[in-house]
Protein chains: 2
Amino acid sequence: MLPVPFNTLPNTALKPRKLGKGEILFRQSDPPSFLYFLRSGHVQLRRHTEAGEAIIIHNAHGGQTFAEASLFSSNYHCDAIACEPSELVAMNKIQILKTMRQNSLFAFALSARFATEMQAQRRKLELFSIKSAPQRIFAAIADGMLTGSVTSLAADIGLTHEATYRALAQLTRQGKLVKTGRGRYELAKIESRTTG
Amino acid sequence: MLPVPFNTLPNTALKPRKLGKGEILFRQSDPPSFLYFLRSGHVQLRRHTEAGEAIIIHNAHGGQTFAEASLFSSNYHCDAIACEPSELVAMNKIQILKTMRQNSLFAFALSARFATEMQAQRRKLELFSIKSAPQRIFAAIADGMLTGSVTSLAADIGLTHEATYRALAQLTRQGKLVKTGRGRYELAKIESRTTG
DNA sequence: CCAGATATATGACTGAAATCATATGGAAGC
DNA sequence: GCTTCCATATGATTTCAGTCATATATCTGG
(Lines give C-alpha, C1' and ligand atoms only; values in the text may rest on other atoms or scores of the structure.)
Protein backbone atom coordinates (compact mmCIF):
# COMPACT_ATOMS: atom_id res chain seq x y z
CA MET A 1 0.00 0.00 0.00
CA LEU A 2 1.14 3.52 -0.70
CA PRO A 3 1.95 5.93 2.15
CA VAL A 4 -0.60 8.57 3.23
CA PRO A 5 -1.97 10.50 1.41
CA PHE A 6 -0.97 8.82 -1.85
CA ASN A 7 -3.11 5.83 -0.90
CA THR A 8 -6.18 7.94 -1.63
CA LEU A 9 -5.18 8.64 -5.23
CA PRO A 10 -7.33 7.02 -7.91
CA ASN A 11 -5.79 4.01 -9.64
CA THR A 12 -5.72 5.95 -12.87
CA ALA A 13 -3.04 8.15 -11.32
CA LEU A 14 -0.79 5.17 -10.60
CA LYS A 15 1.42 3.10 -12.81
CA PRO A 16 3.52 0.20 -11.51
CA ARG A 17 7.01 -0.09 -12.89
CA LYS A 18 9.83 -2.58 -12.61
CA LEU A 19 13.43 -1.75 -13.31
CA GLY A 20 16.38 -4.04 -13.73
CA LYS A 21 19.78 -3.21 -12.29
CA GLY A 22 21.27 -0.23 -14.12
CA GLU A 23 18.05 0.74 -15.87
CA ILE A 24 17.24 4.42 -16.12
CA LEU A 25 13.98 5.67 -14.65
CA PHE A 26 14.25 9.23 -15.90
CA ARG A 27 16.82 11.70 -17.10
CA GLN A 28 17.53 15.26 -16.11
CA SER A 29 16.28 16.46 -19.45
CA ASP A 30 12.93 14.63 -19.23
CA PRO A 31 9.80 16.64 -18.46
CA PRO A 32 8.80 15.64 -14.94
CA SER A 33 5.54 13.72 -15.21
CA PHE A 34 5.74 11.49 -12.14
CA LEU A 35 6.81 11.24 -8.60
CA TYR A 36 7.71 7.80 -7.37
CA PHE A 37 7.14 5.40 -4.55
CA LEU A 38 9.86 2.79 -4.31
CA ARG A 39 8.35 -0.49 -3.11
CA SER A 40 11.64 -2.33 -3.07
CA GLY A 41 15.11 -1.99 -4.44
CA HIS A 42 17.46 0.97 -4.64
CA VAL A 43 17.25 4.00 -6.93
CA GLN A 44 19.97 6.61 -7.11
CA LEU A 45 19.45 10.22 -8.15
CA ARG A 46 22.51 11.74 -9.79
CA ARG A 47 23.70 14.91 -11.40
CA HIS A 48 26.78 15.31 -13.54
CA THR A 49 29.31 18.10 -13.59
CA GLU A 50 30.39 19.61 -16.87
CA ALA A 51 33.56 17.55 -16.60
CA GLY A 52 31.43 14.42 -16.34
CA GLU A 53 31.83 13.58 -12.65
CA ALA A 54 28.72 12.05 -11.11
CA ILE A 55 27.30 13.77 -8.04
CA ILE A 56 24.92 11.64 -6.00
CA ILE A 57 21.89 13.65 -4.94
CA HIS A 58 19.93 10.97 -3.14
CA ASN A 59 19.75 7.25 -2.50
CA ALA A 60 16.17 6.02 -2.31
CA HIS A 61 15.43 2.68 -0.67
CA GLY A 62 12.36 0.52 -0.26
CA GLY A 63 9.35 2.26 1.29
CA GLN A 64 10.48 5.76 0.32
CA THR A 65 9.06 8.30 -2.10
CA PHE A 66 11.24 10.53 -4.24
CA ALA A 67 11.14 13.26 -6.88
CA GLU A 68 8.45 15.10 -4.92
CA ALA A 69 9.91 18.44 -5.93
CA SER A 70 9.10 17.59 -9.54
CA LEU A 71 5.48 18.43 -8.64
CA PHE A 72 6.45 22.05 -8.56
CA SER A 73 9.16 22.09 -11.16
CA SER A 74 9.28 22.03 -14.93
CA ASN A 75 12.48 19.97 -14.95
CA TYR A 76 13.89 16.99 -13.17
CA HIS A 77 17.11 18.14 -11.58
CA CYS A 78 18.87 14.82 -11.89
CA ASP A 79 18.93 11.38 -13.48
CA ALA A 80 17.37 8.41 -11.71
CA ILE A 81 19.01 4.99 -12.08
CA ALA A 82 18.11 1.68 -10.47
CA CYS A 83 21.17 0.34 -8.63
CA GLU A 84 19.33 -2.91 -7.90
CA PRO A 85 16.27 -4.52 -9.40
CA SER A 86 13.49 -2.23 -8.19
CA GLU A 87 9.71 -2.16 -8.01
CA LEU A 88 8.11 1.26 -8.15
CA VAL A 89 4.80 3.00 -8.43
CA ALA A 90 4.83 6.02 -10.71
CA MET A 91 2.33 8.63 -9.49
CA ASN A 92 1.05 11.03 -12.08
CA LYS A 93 2.06 14.59 -11.33
CA ILE A 94 -0.83 16.26 -13.13
CA GLN A 95 -3.38 14.13 -11.34
CA ILE A 96 -1.77 14.78 -7.98
CA LEU A 97 -1.83 18.52 -8.60
CA LYS A 98 -5.47 18.21 -9.63
CA THR A 99 -6.28 16.23 -6.48
CA MET A 100 -4.55 18.89 -4.40
CA ARG A 101 -6.76 21.57 -5.91
CA GLN A 102 -9.99 19.60 -5.60
CA ASN A 103 -9.42 17.96 -2.27
CA SER A 104 -8.08 20.26 0.42
CA LEU A 105 -7.74 17.34 2.83
CA PHE A 106 -5.38 15.66 0.41
CA ALA A 107 -3.40 18.87 -0.01
CA PHE A 108 -3.27 19.25 3.75
CA ALA A 109 -2.11 15.68 4.30
CA LEU A 110 0.55 16.09 1.63
CA SER A 111 1.90 19.18 3.35
CA ALA A 112 1.89 17.28 6.63
CA ARG A 113 3.82 14.44 5.04
CA PHE A 114 6.39 16.84 3.62
CA ALA A 115 6.78 18.69 6.92
CA THR A 116 7.25 15.45 8.85
CA GLU A 117 9.79 14.25 6.32
CA MET A 118 11.67 17.56 6.61
CA GLN A 119 11.80 17.21 10.36
CA ALA A 120 13.11 13.63 10.13
CA GLN A 121 15.75 14.68 7.64
CA ARG A 122 16.93 17.57 9.75
CA ARG A 123 17.35 15.18 12.64
CA LYS A 124 19.30 12.78 10.48
CA LEU A 125 21.48 15.54 9.13
CA GLU A 126 22.27 16.58 12.68
CA LEU A 127 23.11 12.94 13.40
CA PHE A 128 25.52 12.83 10.48
CA SER A 129 27.22 15.98 11.67
CA ILE A 130 28.35 14.15 14.82
CA LYS A 131 31.88 12.99 14.07
CA SER A 132 32.45 10.66 17.01
CA ALA A 133 31.17 7.14 16.36
CA PRO A 134 30.05 6.50 19.96
CA GLN A 135 28.22 9.82 20.16
CA ARG A 136 26.56 9.34 16.80
CA ILE A 137 25.43 5.86 17.73
CA PHE A 138 24.16 7.00 21.10
CA ALA A 139 22.09 9.70 19.41
CA ALA A 140 20.81 7.21 16.84
CA ILE A 141 19.67 4.82 19.54
CA ALA A 142 18.10 7.71 21.45
CA ASP A 143 16.22 8.42 18.21
CA GLY A 144 15.00 4.82 18.21
CA MET A 145 16.87 3.88 15.06
CA LEU A 146 18.08 0.47 16.21
CA THR A 147 15.05 -1.55 15.18
CA GLY A 148 16.57 -4.02 12.74
CA SER A 149 20.11 -5.33 12.68
CA VAL A 150 23.18 -3.50 13.89
CA THR A 151 24.55 -3.85 10.38
CA SER A 152 21.64 -2.00 8.84
CA LEU A 153 21.84 0.68 11.53
CA ALA A 154 25.52 1.11 10.74
CA ALA A 155 24.76 1.58 7.04
CA ASP A 156 21.92 3.95 7.90
CA ILE A 157 24.04 6.26 10.02
CA GLY A 158 27.10 6.27 7.80
CA LEU A 159 29.50 4.15 9.83
CA THR A 160 31.13 0.80 9.22
CA HIS A 161 29.64 -2.08 11.16
CA GLU A 162 32.96 -2.65 12.89
CA ALA A 163 33.04 0.91 14.24
CA THR A 164 29.43 0.49 15.25
CA TYR A 165 29.97 -2.74 17.18
CA ARG A 166 32.98 -1.28 18.92
CA ALA A 167 31.13 1.88 19.87
CA LEU A 168 28.16 -0.14 21.14
CA ALA A 169 30.52 -2.17 23.32
CA GLN A 170 32.16 0.99 24.60
CA LEU A 171 28.86 2.73 25.37
CA THR A 172 27.74 -0.42 27.20
CA ARG A 173 30.95 -0.49 29.26
CA GLN A 174 30.37 3.18 30.07
CA GLY A 175 26.86 2.36 31.24
CA LYS A 176 25.20 4.65 28.69
CA LEU A 177 23.58 1.70 26.96
CA VAL A 178 22.38 -1.64 28.24
CA LYS A 179 22.76 -4.74 26.12
CA THR A 180 19.44 -6.54 26.18
CA GLY A 181 20.48 -9.36 23.87
CA ARG A 182 22.61 -10.26 20.92
CA GLY A 183 22.59 -7.20 18.69
CA ARG A 184 20.06 -5.48 20.98
CA TYR A 185 20.88 -2.34 22.89
CA GLU A 186 18.79 0.22 24.74
CA LEU A 187 19.40 3.54 26.46
CA ALA A 188 20.36 3.24 30.09
CA LYS A 189 17.67 4.91 32.15
CA ILE A 190 20.05 6.32 34.71
CA GLU A 191 23.34 7.77 33.67
CA SER A 192 26.22 5.95 35.26
CA ARG A 193 29.77 7.09 34.97
CA THR A 194 32.48 4.54 34.39
CA THR A 195 35.75 4.93 32.63
CA GLY A 196 36.16 2.94 29.49
CA MET B 1 11.15 40.03 4.49
CA LEU B 2 9.79 36.57 5.13
CA PRO B 3 10.32 33.75 2.62
CA VAL B 4 7.56 32.76 0.20
CA PRO B 5 4.76 32.08 0.98
CA PHE B 6 4.95 33.42 4.54
CA ASN B 7 5.39 36.92 3.15
CA THR B 8 1.71 36.89 2.17
CA LEU B 9 0.50 36.27 5.72
CA PRO B 10 -1.36 39.13 7.40
CA ASN B 11 0.61 41.06 9.98
CA THR B 12 -1.77 39.85 12.67
CA ALA B 13 -0.32 36.36 12.16
CA LEU B 14 3.21 37.57 12.88
CA LYS B 15 4.96 38.46 16.08
CA PRO B 16 8.59 39.58 16.21
CA ARG B 17 10.69 38.16 19.00
CA LYS B 18 14.18 38.73 20.31
CA LEU B 19 16.05 36.22 22.40
CA GLY B 20 19.25 36.61 24.34
CA LYS B 21 21.91 33.94 24.43
CA GLY B 22 20.62 30.92 26.34
CA GLU B 23 16.99 32.04 26.36
CA ILE B 24 14.37 29.41 25.75
CA LEU B 25 11.96 29.89 22.85
CA PHE B 26 9.73 26.92 23.62
CA ARG B 27 9.79 23.65 25.49
CA GLN B 28 8.87 20.18 24.46
CA SER B 29 5.85 20.29 26.74
CA ASP B 30 4.47 23.54 25.30
CA PRO B 31 1.46 23.40 23.01
CA PRO B 32 2.79 24.32 19.56
CA SER B 33 1.30 27.66 18.62
CA PHE B 34 3.93 29.02 16.26
CA LEU B 35 6.40 28.20 13.61
CA TYR B 36 9.41 30.44 13.35
CA PHE B 37 11.49 32.36 10.93
CA LEU B 38 14.95 33.09 12.24
CA ARG B 39 16.10 36.47 10.94
CA SER B 40 19.50 36.27 12.57
CA GLY B 41 21.27 34.33 15.25
CA HIS B 42 21.31 30.64 16.08
CA VAL B 43 18.57 28.53 17.64
CA GLN B 44 19.11 24.93 18.64
CA LEU B 45 16.36 22.32 18.86
CA ARG B 46 17.10 19.64 21.45
CA ARG B 47 15.60 16.58 23.02
CA HIS B 48 16.73 14.95 26.21
CA THR B 49 17.12 11.28 27.02
CA GLU B 50 15.70 9.90 30.24
CA ALA B 51 19.24 9.95 31.62
CA GLY B 52 19.44 13.67 30.84
CA GLU B 53 21.74 13.65 27.82
CA ALA B 54 20.92 16.34 25.28
CA ILE B 55 20.29 15.20 21.71
CA ILE B 56 20.55 17.96 19.13
CA ILE B 57 17.72 17.71 16.61
CA HIS B 58 18.50 20.73 14.51
CA ASN B 59 20.59 23.86 14.33
CA ALA B 60 18.71 26.76 12.78
CA HIS B 61 20.64 29.73 11.44
CA GLY B 62 19.74 33.11 10.01
CA GLY B 63 17.30 33.02 7.11
CA GLN B 64 15.84 29.63 7.99
CA THR B 65 12.42 28.59 9.20
CA PHE B 66 11.90 25.85 11.76
CA ALA B 67 9.22 23.98 13.72
CA GLU B 68 7.15 23.60 10.55
CA ALA B 69 6.00 20.16 11.66
CA SER B 70 4.29 21.78 14.63
CA LEU B 71 1.62 22.89 12.14
CA PHE B 72 0.44 19.31 12.01
CA SER B 73 1.27 18.20 15.51
CA SER B 74 -0.24 18.70 18.94
CA ASN B 75 3.19 18.75 20.58
CA TYR B 76 6.56 20.25 20.02
CA HIS B 77 9.00 17.37 19.87
CA CYS B 78 11.89 19.26 21.35
CA ASP B 79 13.07 22.33 23.22
CA ALA B 80 14.25 25.41 21.35
CA ILE B 81 17.09 27.45 22.84
CA ALA B 82 18.88 30.49 21.45
CA CYS B 83 22.63 29.74 21.32
CA GLU B 84 23.32 33.32 20.30
CA PRO B 85 21.28 36.51 20.50
CA SER B 86 18.57 35.89 17.92
CA GLU B 87 15.87 37.81 16.10
CA LEU B 88 12.82 35.81 15.08
CA VAL B 89 9.37 36.13 13.66
CA ALA B 90 6.81 33.89 15.31
CA MET B 91 4.15 32.87 12.79
CA ASN B 92 0.80 31.87 14.22
CA LYS B 93 -0.02 28.25 13.52
CA ILE B 94 -3.80 28.64 13.66
CA GLN B 95 -3.74 31.54 11.22
CA ILE B 96 -1.45 29.67 8.85
CA LEU B 97 -3.76 26.66 8.87
CA LYS B 98 -6.68 28.98 8.23
CA THR B 99 -4.85 30.64 5.35
CA MET B 100 -4.09 27.22 3.90
CA ARG B 101 -7.80 26.35 3.91
CA GLN B 102 -8.94 29.68 2.50
CA ASN B 103 -6.22 30.28 0.00
CA SER B 104 -5.29 27.29 -2.10
CA LEU B 105 -2.45 29.21 -3.71
CA PHE B 106 -0.91 29.71 -0.30
CA ALA B 107 -1.34 26.02 0.51
CA PHE B 108 0.19 25.14 -2.83
CA ALA B 109 3.16 27.44 -2.33
CA LEU B 110 3.71 26.06 1.15
CA SER B 111 3.82 22.51 -0.20
CA ALA B 112 6.24 23.68 -2.86
CA ARG B 113 8.45 25.24 -0.23
CA PHE B 114 8.45 22.07 1.83
CA ALA B 115 9.19 19.88 -1.19
CA THR B 116 12.08 22.09 -2.25
CA GLU B 117 13.45 22.08 1.26
CA MET B 118 13.22 18.26 1.37
CA GLN B 119 15.12 18.02 -1.86
CA ALA B 120 17.86 20.33 -0.61
CA GLN B 121 18.15 18.39 2.62
CA ARG B 122 18.42 15.06 0.85
CA ARG B 123 21.22 16.48 -1.22
CA LYS B 124 22.97 17.75 1.87
CA LEU B 125 22.53 14.42 3.63
CA GLU B 126 24.11 12.70 0.67
CA LEU B 127 26.94 15.22 0.88
CA PHE B 128 27.51 14.39 4.54
CA SER B 129 27.63 10.70 3.75
CA ILE B 130 30.78 11.27 1.67
CA LYS B 131 33.65 10.48 4.00
CA SER B 132 36.56 11.79 1.96
CA ALA B 133 37.17 15.49 2.51
CA PRO B 134 38.25 16.22 -1.09
CA GLN B 135 35.27 14.36 -2.54
CA ARG B 136 32.83 16.03 -0.18
CA ILE B 137 34.21 19.44 -1.00
CA PHE B 138 34.16 18.75 -4.71
CA ALA B 139 30.49 17.76 -4.48
CA ALA B 140 29.73 20.84 -2.39
CA ILE B 141 31.32 23.13 -4.96
CA ALA B 142 29.49 21.30 -7.75
CA ASP B 143 26.33 22.08 -5.76
CA GLY B 144 27.29 25.75 -5.77
CA MET B 145 27.77 25.93 -2.02
CA LEU B 146 30.94 28.04 -2.05
CA THR B 147 29.32 31.45 -2.16
CA GLY B 148 30.65 33.03 1.03
CA SER B 149 33.92 32.28 2.80
CA VAL B 150 35.74 28.97 2.78
CA THR B 151 35.40 28.97 6.55
CA SER B 152 31.62 29.11 6.40
CA LEU B 153 31.54 26.44 3.71
CA ALA B 154 33.66 24.22 5.96
CA ALA B 155 31.25 24.67 8.84
CA ASP B 156 28.33 24.07 6.52
CA ILE B 157 29.61 20.75 5.22
CA GLY B 158 30.87 19.38 8.51
CA LEU B 159 34.61 19.68 8.04
CA THR B 160 37.27 21.73 9.76
CA HIS B 161 38.50 24.72 7.80
CA GLU B 162 42.00 23.25 7.79
CA ALA B 163 40.84 20.05 6.11
CA THR B 164 38.83 22.17 3.70
CA TYR B 165 41.76 24.39 2.68
CA ARG B 166 43.97 21.35 2.23
CA ALA B 167 41.39 19.55 0.12
CA LEU B 168 40.83 22.66 -2.00
CA ALA B 169 44.57 22.87 -2.64
CA GLN B 170 44.68 19.17 -3.55
CA LEU B 171 41.70 19.38 -5.90
CA THR B 172 43.30 22.41 -7.55
CA ARG B 173 46.60 20.54 -7.99
CA GLN B 174 44.63 17.66 -9.52
CA GLY B 175 42.99 20.05 -11.93
CA LYS B 176 39.46 19.30 -10.72
CA LEU B 177 39.05 22.84 -9.45
CA VAL B 178 40.45 26.12 -10.63
CA LYS B 179 41.42 28.79 -8.13
CA THR B 180 39.93 32.04 -9.36
CA GLY B 181 41.13 34.14 -6.45
CA ARG B 182 41.91 34.14 -2.77
CA GLY B 183 39.34 31.81 -1.25
CA ARG B 184 37.59 31.47 -4.64
CA TYR B 185 37.38 28.15 -6.42
CA GLU B 186 35.33 26.86 -9.34
CA LEU B 187 34.81 23.55 -11.06
CA ALA B 188 37.26 22.85 -13.87
CA LYS B 189 35.31 22.61 -17.09
CA ILE B 190 37.42 19.83 -18.54
CA GLU B 191 38.61 17.03 -16.40
CA SER B 192 42.38 16.87 -16.33
CA ARG B 193 44.31 14.09 -14.70
CA THR B 194 47.37 14.94 -12.70
CA THR B 195 48.88 13.18 -9.75
CA GLY B 196 48.82 15.08 -6.52
C1' DC C 1 20.82 -32.51 10.23
C1' DC C 2 24.15 -30.27 7.76
C1' DA C 3 26.18 -26.62 4.76
C1' DG C 4 26.47 -22.10 3.49
C1' DA C 5 25.34 -17.40 4.27
C1' DT C 6 24.82 -13.61 7.23
C1' DA C 7 25.12 -11.08 11.66
C1' DT C 8 27.66 -10.38 15.73
C1' DA C 9 31.94 -9.39 17.82
C1' DT C 10 36.73 -8.13 18.41
C1' DG C 11 41.91 -7.67 17.35
C1' DA C 12 45.72 -5.42 14.52
C1' DC C 13 47.12 -2.04 11.48
C1' DT C 14 46.56 2.01 8.41
C1' DG C 15 45.25 6.29 6.76
C1' DA C 16 42.99 10.45 6.80
C1' DA C 17 40.86 14.15 9.23
C1' DA C 18 41.07 16.63 13.65
C1' DT C 19 43.88 19.24 16.47
C1' DC C 20 47.44 22.37 17.51
C1' DA C 21 50.63 25.67 15.75
C1' DT C 22 52.33 29.26 12.75
C1' DA C 23 52.40 32.65 9.12
C1' DT C 24 50.41 35.87 5.84
C1' DG C 25 46.84 38.70 3.38
C1' DG C 26 42.90 41.81 3.64
C1' DA C 27 39.22 44.17 5.70
C1' DA C 28 37.45 47.15 9.44
C1' DG C 29 37.87 50.49 12.90
C1' DC C 30 40.43 54.05 15.09
C1' DG D 1 48.47 55.05 8.55
C1' DC D 2 48.26 51.85 12.01
C1' DT D 3 46.27 48.28 14.76
C1' DT D 4 43.20 44.55 15.32
C1' DC D 5 40.69 40.94 13.76
C1' DC D 6 39.46 37.43 10.75
C1' DA D 7 40.10 34.57 6.55
C1' DT D 8 43.40 32.16 4.05
C1' DA D 9 46.92 28.84 3.95
C1' DT D 10 50.02 25.14 5.38
C1' DG D 11 53.09 22.26 8.62
C1' DA D 12 53.41 18.76 12.58
C1' DT D 13 51.25 15.58 15.51
C1' DT D 14 47.49 12.89 17.33
C1' DT D 15 43.40 10.48 17.29
C1' DC D 16 40.05 7.67 15.70
C1' DA D 17 37.33 5.45 12.21
C1' DG D 18 38.32 2.54 8.22
C1' DT D 19 40.27 -1.61 6.53
C1' DC D 20 41.62 -6.26 6.87
C1' DA D 21 41.47 -10.43 9.42
C1' DT D 22 39.47 -13.89 12.38
C1' DA D 23 36.10 -16.29 15.20
C1' DT D 24 31.61 -17.44 16.75
C1' DA D 25 26.49 -17.41 16.72
C1' DT D 26 22.31 -17.63 14.30
C1' DC D 27 19.47 -18.20 10.38
C1' DT D 28 18.18 -20.45 5.88
C1' DG D 29 17.63 -23.91 2.52
C1' DG D 30 18.37 -28.47 0.92
Side-chain angles (χ1 to χ4, degrees), chain A residues 40 42 56 61-62 84-85 124-141 145-186 194-196, chain B residues 40-42 56 61-62 84 124-141 145-186 194-196:
Chain A
S40 65
H42 176 191
I56 299 165
H61 295 276
E84 293 170 27
K124 196 161 178 184
L125 194 57
E126 212 55 56
L127 195 71
F128 269 69
S129 74
I130 302 173
K131 314 241 188 214
S132 151
Q135 284 173 39
R136 191 187 299 187
I137 286 159
F138 181 82
I141 290 183
M145 292 179 73
L146 179 51
T147 50
S149 69
V150 175
T151 303
S152 64
L153 173 73
D156 205 29
I157 65 177
L159 290 171
T160 59
H161 59 92
E162 295 98 324
T164 304
Y165 284 120
R166 265 187 266 273
L168 285 168
Q170 183 189 319
L171 289 162
T172 304
R173 281 197 304 274
Q174 291 175 348
K176 296 187 176 178
L177 297 181
V178 276
K179 182 168 180 171
T180 58
R182 190 179 152 82
R184 318 253 65 194
Y185 299 82
E186 287 175 11
T194 317
T195 48
Chain B
S40 65
H42 176 193
I56 298 166
H61 295 277
E84 294 171 25
K124 197 162 177 186
L125 193 58
E126 213 53 58
L127 195 72
F128 269 71
S129 73
I130 302 172
K131 313 239 189 217
S132 149
Q135 283 174 39
R136 191 187 299 187
I137 285 159
F138 181 81
I141 290 183
M145 292 179 71
L146 179 51
T147 50
S149 68
V150 174
T151 303
S152 64
L153 172 73
D156 206 28
I157 65 177
L159 291 170
T160 59
H161 59 93
E162 294 98 324
T164 304
Y165 284 120
R166 265 187 267 270
L168 285 168
Q170 184 188 319
L171 289 163
T172 304
R173 281 197 304 275
Q174 290 175 347
K176 296 188 177 177
L177 297 180
V178 275
K179 183 168 179 171
T180 58
R182 189 180 153 83
R184 317 254 66 193
Y185 298 82
E186 287 174 13
T194 318
T195 47

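Below, chain A is the first sequence line, B the second, and so on; all start at residue 1.
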Inset, instruction - Report which part of the nucleic acid B/A169 touches: base, sugar-phosphate, or nothing (heavy-atom distance under 4.0 Å, all strands). - result: sugar-phosphate
Legend entry - Shortest side-chain distance from B/Y185, nucleotide among D/dT10, D/dA17, D/dA9: D/dA9
Legend entry - Set of side chain to side chain contact (heavy atoms under 4.5 Å, CB included) partners for B/E84, sequence neighbours left out: B/H42
Give every donor-acceptor pair under 3.5 Å between a side-chain atom in residues 128-135 of chain B and any protein atom, sequence neighbours left out.
residue : atom : partner : partner atom : Å
B/S129  : OG   : B/E126  : O            : 2.7
B/S129  : OG   : B/E126  : OE2          : 3.4
B/K131  : NZ   : A/G158  : O            : 2.4
B/S132  : OG   : B/Q135  : N            : 3.2

Inset, instruction - Working to the nearest 0.5 Å, report the span between CD of A/Q174 and CZ of A/F138. - result: 10.0 Å
When you compare the protein's N or O atoms with those of nucleotides 3-5 of chain D, which come within less than 3.5 Å of each other, and at what distance?
none

Inset, instruction - Spell out, as yes or no, whether a donor-acceptor pair under 3.5 Å connects the side chain of B/R173 to the backbone of B/L168. - result: no
Legend entry - Range on DNA chain C touched by chain A - first to last nucleotide, heavy-atom distance under 4.0 Å: C/dA7 to C/dA18
Legend entry - side chain to side chain contact (heavy atoms under 4.5 Å, CB included) against B/A140, all qualifying residues, sequence neighbours excluded: B/L127, B/M145, B/L153, B/I157
Legend entry - Side-chain touch A/L159/A/I137, heavy atoms, less than 4.5 angstrom: yes
Inset, instruction - Please round to 10 degrees the angle between the axis of the first five pairs and the axis of the last five pairs in the helix from C/dC1-D/dG30 to C/dC30-D/dG1. - result: 50°
Inset, instruction - Quick one: list whatever passes side chain to side chain contact (heavy atoms under 4.5 Å, CB included) with B/S40, sequence neighbours left out. - result: B/E87
Inset, instruction - Indicate for each nucleotide in nucleotides 18-24 of chain D, in 5' to 3' sequence, whether protein heavy atoms under 4.0 Å reach the base (B), only the sugar-phosphate (S), or nothing (-). - result: SBB----
Legend entry - Atom pair CG (A/L146) and CD1 (A/I141), whose distance is rounded to the nearest 0.5 Å: 5.0 Å
Inset, instruction - Provide, to the nearest angstrom, the distance between the OH atom belonging to A/Y165 and the C1' atom belonging to D/dA17. - result: 16 Å
Legend entry - Integer-rounded Å distance: D/dT8 P and B/L177 CG: 15 Å
Inset, instruction - Check the distance between D/dA25's C1' and A/R184's CZ and give it to me in whole angstrom. - result: 16 Å
Legend entry - Qualifying side-chain hydrogen bond (donor to acceptor under 3.5 Å, both in side chains) pairs, either residue in residues 155-167 of chain A, two or more places apart: A/K124-A/D156
Inset, instruction - Find the distance B/R173:CZ to D/dA9:P and express it as a whole number of Å. - result: 13 Å
Inset, instruction - Strictly below 4.0 Å, heavy-atom distances to any atom of DNA chain D: list the hits from residues 145-152 of chain B, or just say none. - result: B/S149, B/V150, B/T151
Legend entry - Validation row: B/Y185, B/T180 side chains within 4.5 angstrom (heavy atoms): no
Legend entry - Pairing residues for B/S149 by the side chain to side chain contact (heavy atoms under 4.5 Å, CB included) criterion, not counting sequence neighbours: B/T151, B/S152
